[in-house]
Amino acid sequence: FAPLSSDFYGYAEALLSDREQEAVMAIRAWGEREVQPIIGGYWERAEFPTEIVKPLAELGVLSFAWDETKPFENSAVFRGFVALELARIDASVSTFVGVQNGLAAGSIAVAGSAEQRAEWIPKLASAEIIGSFGLTEPLSGSDSARGLRTTARREGDEWVLNGRKRWIGNATFSDVTIIWAKDEADGQVKGFIVPTSTPGYTATKIEGKISLRPVQNADIELRDVRVPEALRLQNANSFRDTAAILRQTRAEVAWAAVGTAIGAYEAAVAYATEREQFGKPIAAHQLIQEHLVNGLGNITASLAMVVRVSQMLDAGTQRDEHSALAKAYATARMRETVAWARETLGGNGIVLDYGVARYFADAEALYSYEGTREMNTLIVGRTITGEAAFV
Ligand code: FAD
């Protein structure tokens, strides 16, 4: 097992079992061999490398979290490391997995019935089908809890869905989308497993992104989309149930933020030791060393936080404010770290070929999705003060 040089205190990876370490190493080796060389081109063309989907499934990445599919007992810290390793290679790849696994399969795991879990989770874990998660709308982002306009109307054994969704990851090629909508009868948010081939469902790719360009985000329109009651998530009865899904995925985004910071930091260290100015490697200049040390400090502090939050998930003590603080903190520290890394490369820091520009641009989306830094900060602020500043 080769520890990351950026696990500076050398304790985090030691928390993994031998089996978990083996799996992390396999994912790291695959990512460096198969993804790193090709991802810059996909980023530039704003295309998703669909050829990596089956290998991700074969490596177990989509299976580890679920009782129905996990190849061996594993911890939340291990699954965090999986997100970290993927984001260390590329944050669009970790985002694809976060949507397929954490958001789509996760919705069914948390809010589906036993029959729904048995039917859908193995298909998502094997990548037989691709999933996406439709919560955000054109007119409601941070205030999704109360601001959803998409409606669900019960007619006999069917539900009729109407509305629009925005930013939905994987949605240009997904087979099913979890659609969150307000029940016209009781006003509560409910979730539906919607096959994307259903009449009235359309998805249109969002063009012109400057961050996570390979991720296929879409605007979705739902016009009298009919789904049977059997496709309503049976245990999603209010937004509280949606929030329970986001609590877990936010912690994984925090892990991915640490991975993104590490990817940029490692590239900056490598560049600084090779590039010479004023007759010596730039790594020998004091201010460059400061960039690198600040980056390592951010990574070390964030890693400690995400490890603890995952341990709390396994212990059953993790609450919304715990993952919210980790997400807000780790993404803010990531944003500083990728900026220092970019600065370390000078002009080459804005060119895809040099391996830092992509992390710098991708950090912006991680900073804002799954709850912006502000919203996650306010979740923690509510806990500290007892005052909810956002309602
Ligand atoms: P807004 O809510 O309009 O916020 C704009 C600004 O105002 C932000 O800075 C915000 O923090 C601030 N703000 C808002 N309210 C307050 C307040 N009360 N106090 C202080 N500041 C406030 N959604 C999905 O459902 N599924 C997906 O797969 C998905 N994938 C995404 C992928 C990408 C690349 C991106 C960029 C977004 C994705 N999203 C997805 C949507 C994402 O979760 C939202 O962008 C996010 O929640 C913020 O919502 P918004 O963009 O509408 O910003």
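As the structure lists them, so they are numbered: ligands from 1, and atoms in each ligand from 1. In this text, all values refer to a predicted model and were calculated from it rather than measured experimentally.
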I need the nearest protein heavy-atom contact for atom 53 (O) of ligand 1: residue, atom name and distance, please.
Ser142 OG, 4.2 Å
Numbered atoms and elements of ligand 1 in range of Ile168, under 4.0 angstrom, heavy atoms
24 (C), 25 (O), 26 (N), 27 (C), 28 (O)
Protein heavy atom at shortest distance from atom 15 (N) of ligand 1:
Met375 SD, 3.7 Å
From atom 10 (C) of ligand 1, work out which of Asn170, Thr242, Thr372 has a heavy atom at the shortest distance.
Thr372
Answer yes or no: is there a side-chain heavy-atom contact under 4.5 Å between Glu266 and Arg88?
yes
Residue and atom name of the nearest protein heavy atom (relative to atom 43 (O) of ligand 1), distance in Å to one decimal:
Glu370 N, 3.4 Å
Under 4.5 Å between side-chain heavy atoms, counting indirect links through other Ile/Leu/Val/Met/Phe/Trp/Tyr residues: same cluster for Leu124 and Val97 or not?
no
Under a 3.5 Å threshold, yes or no: a donor from one side chain and an acceptor from the other, between Tyr42 and Ser92?
no
Show me which atoms of ligand 1 lie under 4.0 Å from any heavy atom of Asn217.
30 (N), 31 (C), 32 (C), 33 (C), 34 (C)
Show which atoms of ligand 1 fall inside a sub-4.0 Å distance from at least one heavy-atom site of Gly169.
27 (C), 28 (O)
Leu103-ligand 1 polar pair, N/O distance under 3.5 Å
no
Between the CG atom in Leu135 and the CZ atom in Phe239, the distance rounded to the nearest 0.5 Å is 5.5 Å
Using the rule that two of Ile, Leu, Val, Met, Phe, Trp, Tyr join whenever any of their side-chain heavy atoms come within less than 4.5 Å, decide whether Leu325 and Val306 are in one cluster.
no
Taking atom CH2 of Trp167 and atom OG of Ser132, what is their separation to the nearest 0.5 Å?
15.0 Å
Compute the shortest N/O to N/O distance between Thr136 and ligand 1 and return yes if it is under 3.5 Å, no if not.
yes
shortest atom 19 (N) of ligand 1-to-protein heavy-atom contact is with Leu378 CD1, 3.4 Å
Quick one: nearest non-hydrogen protein atom to atom 50 (P) of ligand 1, plus distance?
Gly141 CA, 3.9 Å
Between ligand 1 and Trp167, is the shortest N or O to N or O distance under 3.5 Å?
yes
For atom 6 (C) of ligand 1, is some protein heavy-atom partner under 4.0 Å away?
no
Kindly assign one of parallel, tilted or perpendicular to the pair Phe72 and Phe64, based on the angle between their ring planes and the thresholds 30° and 60°.
tilted
Protein heavy atoms: any of them under 4.0 Å from atom 3 (O) of ligand 1?
no
Going by heavy atoms in the side chains, are Lys123 and Asp175 under 4.5 Å from each other?
no
Might you point out which heavy atoms bring Val99 and Gly131 nearest each other, and give the distance in Å?
CG1-O, 3.7 Å
Identify the heavy atoms of Arg247 and Asp320 that sit nearest to each other, and give their distance.
NE-OD1, 2.7 Å
How far is atom 46 (C) of ligand 1 from its nearest protein heavy atom, and which residue and atom name does that atom have?
Ser368 O, 3.5 Å
Could you tell me which atoms of ligand 1, counted from 1 in the order shown, lie closer than 4.0 angstrom to a heavy atom of Phe390?
18 (N)
